There are 2 protein chains.
Amino acid sequence: MTGQVRTVDGRVAGRRGQATRQKLLDCLSEMLSSSPYRDVKVIDVARRAGTSPATFYQYFPDVEGAVLEIADQMATEGAELTELLEGRSWAGKAGWQTAQELVDGFLDFWRRNDAILRVVDLGAAEGDKRFYKIRMKILNSVNNSLADAVAELQSRGRVDKDVNPAAIAGSIVAMLAAVASHQKGFQSWGVKQAELKPNLALLVHLGITGRKPTK
Amino acid sequence: MTGQVRTVDGRVAGRRGQATRQKLLDCLSEMLSSSPYRDVKVIDVARRAGTSPATFYQYFPDVEGAVLEIADQMATEGAELTELLEGRSWAGKAGWQTAQELVDGFLDFWRRNDAILRVVDLGAAEGDKRFYKIRMKILNSVNNSLADAVAELQSRGRVDKDVNPAAIAGSIVAMLAAVASHQKGFQSWGVKQAELKPNLALLVHLGITGRKPTK
DNA sequence: CACTTGTCCTGTCATGCCGTCAGCTTACCG
DNA sequence: CGGTAAGCTGACGGCATGACAGGACAAGTG
């Protein structure tokens with residue numbers, strides 16, 4: 001699928017080159033975790049990677065280009081989120097477990113990748129199609145599964161006709177993403193991590209099925 | 001409340017100075033709407049305002065400082081969000097209307113201020129306490145009202161005991177904010193503005209009361 | 001009207017990052 | 001060992017930053 005890794009000026013990257021490239025990506029990742037996106041400078045990334053700025057520009061057009069690369073790697077790993085919903089049931093006790101595991105997996109994924117996801121979120125909100133596409137790639141699997149679940153319940157008359165499955169699913173996914181990226185924020189509202197999850201799962205269950213879960 | 005407006009070097013700003021200052025803020029606001037936060041440069045803001053970079057630095061320590069100023073103004077205006085919930089009922093048809101009007105007002109406020117809210121959201125997610133505080137200022141009123149509503153329903157046995165009002169309210173507010181800032185995103189999921197609102201209102205109503213609305 | 005005072009703005013400058021290029025070093029291969 | 005392509009960097013013009021001193025301006029005073 002992915003063609004050969006190439007430098008900006010068109011050369012094919014060999015073992016050594018790819019290693020350097022990856023090191024730059026790793027260092028950029030670290031920098032994003034420790035300092036504001038706006039303040040991340042090419043020179044700092046290069047220094048941290050023990051190389052020079054010129055080398056950075058050999059592999060990436062700019063900081064944004066490198067961020068897109070990291071984000072794309074993450075989005076590929078994000079396929080794991082699909083498994084949270086594959087073949088799951090939303091009925092009875094199983095439904096409650098599905099909701100819980102979805103929340104758990106989602107929050108965990110977000111926490112592991114929070115730095116880069118922040119930037120992706122910002123880029124998408126600013127209207128950048130490339131970031132937008134990556135955000136889609138991550139959320140689409142979950143979103144589609146949820147929309148399917150709602151549509152299916154709807155066809156069996158368990159959910160009102162005038163509900164729009166895509167709108168419900170999208171809103172729920174947006175909620176999960178937002179809560180995940182402001183997890184720390186809930187502490188100042190006096191809500192602990194452990195308390196947050198079941199309440200979030202409750203909201204998910206309510207949203208999808210329209211009913212309280214049977215626990 | 002707000003003390004006298006002062007320049008960075010401590011002088012008190014007069015009429016003319018305040019006008020210039022405000023013009024810089026307005027221009028910065030516009031720039032944030034049209035180009036990525038990361039790419040907003042002092043020199044561009046100054047040029048657009050028909051003044052020089054040096055003038056900018058007379059009133060603000062840096063771009064971030066000016067953004068905080070704008071955000072604070074907005075947060076103050078954001079007090080209007082409180083009215084969306086003041087004295088409203090969550091019972092019966094009135095409850096459905098409350099939910100609808102909350103969604104409507106919230107999405108509208110967010111759309112009017114989306115550029116600056118994106119930056120505030122990013123700053124808060126990055127852990128900057130100043131941005132965090134502003135985000136709180138905006139969301140707190142809505143959040144507290146919602147939490148109160150849940151707590152009240154809970155005390156009357158209409159909502160389960162093990163629900164955490166603050167967690168529910170916080171999650172719903174986060175959802176509203178997230179959906180609002182990615183409103184355009186829903187279009188690529190085939191969801192139109194007009195369809196989005198009632199579905200979002202449904203989720204809000206379900207979350208607060210635990211029941212479907214009576215329409 | 002000239003003078004004074006305090007506010008307001010800008011020209012200028014040192015500093016530091018950006019992004020590019022030519023050219024040097026390193027690795028691989030016949 | 002020599003050729004070739006990959007890999008890296010020093011150095012440079014260009015631009016934004018942020019600080020300062022001094023000029024422009026409005027308003028009040030004698």
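In what follows, chains are A, B, ... by sequence order, proteins preceding strands, each numbered from 1. Just so we're clear, the structure is a prediction, and the values are computed from it rather than from any experiment.
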Determine: side-chain N/O of [X] to OP1/OP2 of [N], distance under 4.0 Å, yes or no.
| X | N | value |
| --- | --- | --- |
| Thr55(B) | dT10(C) | yes |
| Arg15(A) | dC28(C) | yes |
| Ser52(A) | dG10(D) | no |
| Tyr59(A) | dC8(D) | yes |
| Tyr57(B) | dG18(D) | yes |
| Thr7(A) | dA6(D) | no |

Rounding to a whole Å, what distance do you find between [X]:[atom1] and [N]:[atom2]?
| X | N | atom1 | atom2 | value |
| --- | --- | --- | --- | --- |
| Asp9(A) | dC8(D) | CG | P | 12 Å |
| Arg47(B) | dA16(D) | CZ | P | 6 Å |
| Phe56(B) | dG18(D) | CZ | P | 9 Å |
| Arg6(A) | dG7(D) | CZ | P | 12 Å |
| Gln18(A) | dA27(C) | CD | P | 17 Å |
| Arg21(A) | dC8(D) | CZ | P | 12 Å |
| Arg11(A) | dA6(D) | CZ | C1' | 5 Å |
| Leu24(A) | dT9(D) | CG | P | 10 Å |

Keeping the roles fixed (side chain from Asn199(A), backbone from Asn164(B)), state whether a donor-acceptor pair exists under 3.5 Å.
yes
For the residue pair Ser171(A) and Leu196(B), what are the closest heavy atoms and their distance?
OG-CD1, 4.0 Å
How close do Val67(A) and Ile116(A) get, counting heavy atoms only, and between which atoms?
CG1-CD1, 3.7 Å
Just compare dG7(D), dG18(D), dA6(D) and give me whichever is closest to any side-chain atom of Asp62(B).
dG18(D)
Which residues in residues 27-45 of chain B have at least one heavy atom lying under 4.0 Å from any atom of DNA chain C?
none
Measuring only between side-chain heavy atoms, which start at C-beta, is Glu77(A) closer than 4.5 Å to Arg112(A)?
no
Are the charged groups of Arg21(A) and Glu69(A) less than 4.0 angstrom apart, N to O?
yes
Is it true that Arg48(B) and Asp44(B) make a salt bridge, defined as a side-chain N closer than 4.0 Å to a carboxylate O?
no
Ring pair (Phe, Tyr, Trp, His ring centres under 6.0 Å) filter on Trp90(B), not counting sequence neighbours, yields none
Using heavy-atom distances to pick each residue's nearest nucleotide on DNA chain C, tell me which of Gly50(B) and Pro61(A) is more 5'.
Gly50(B)
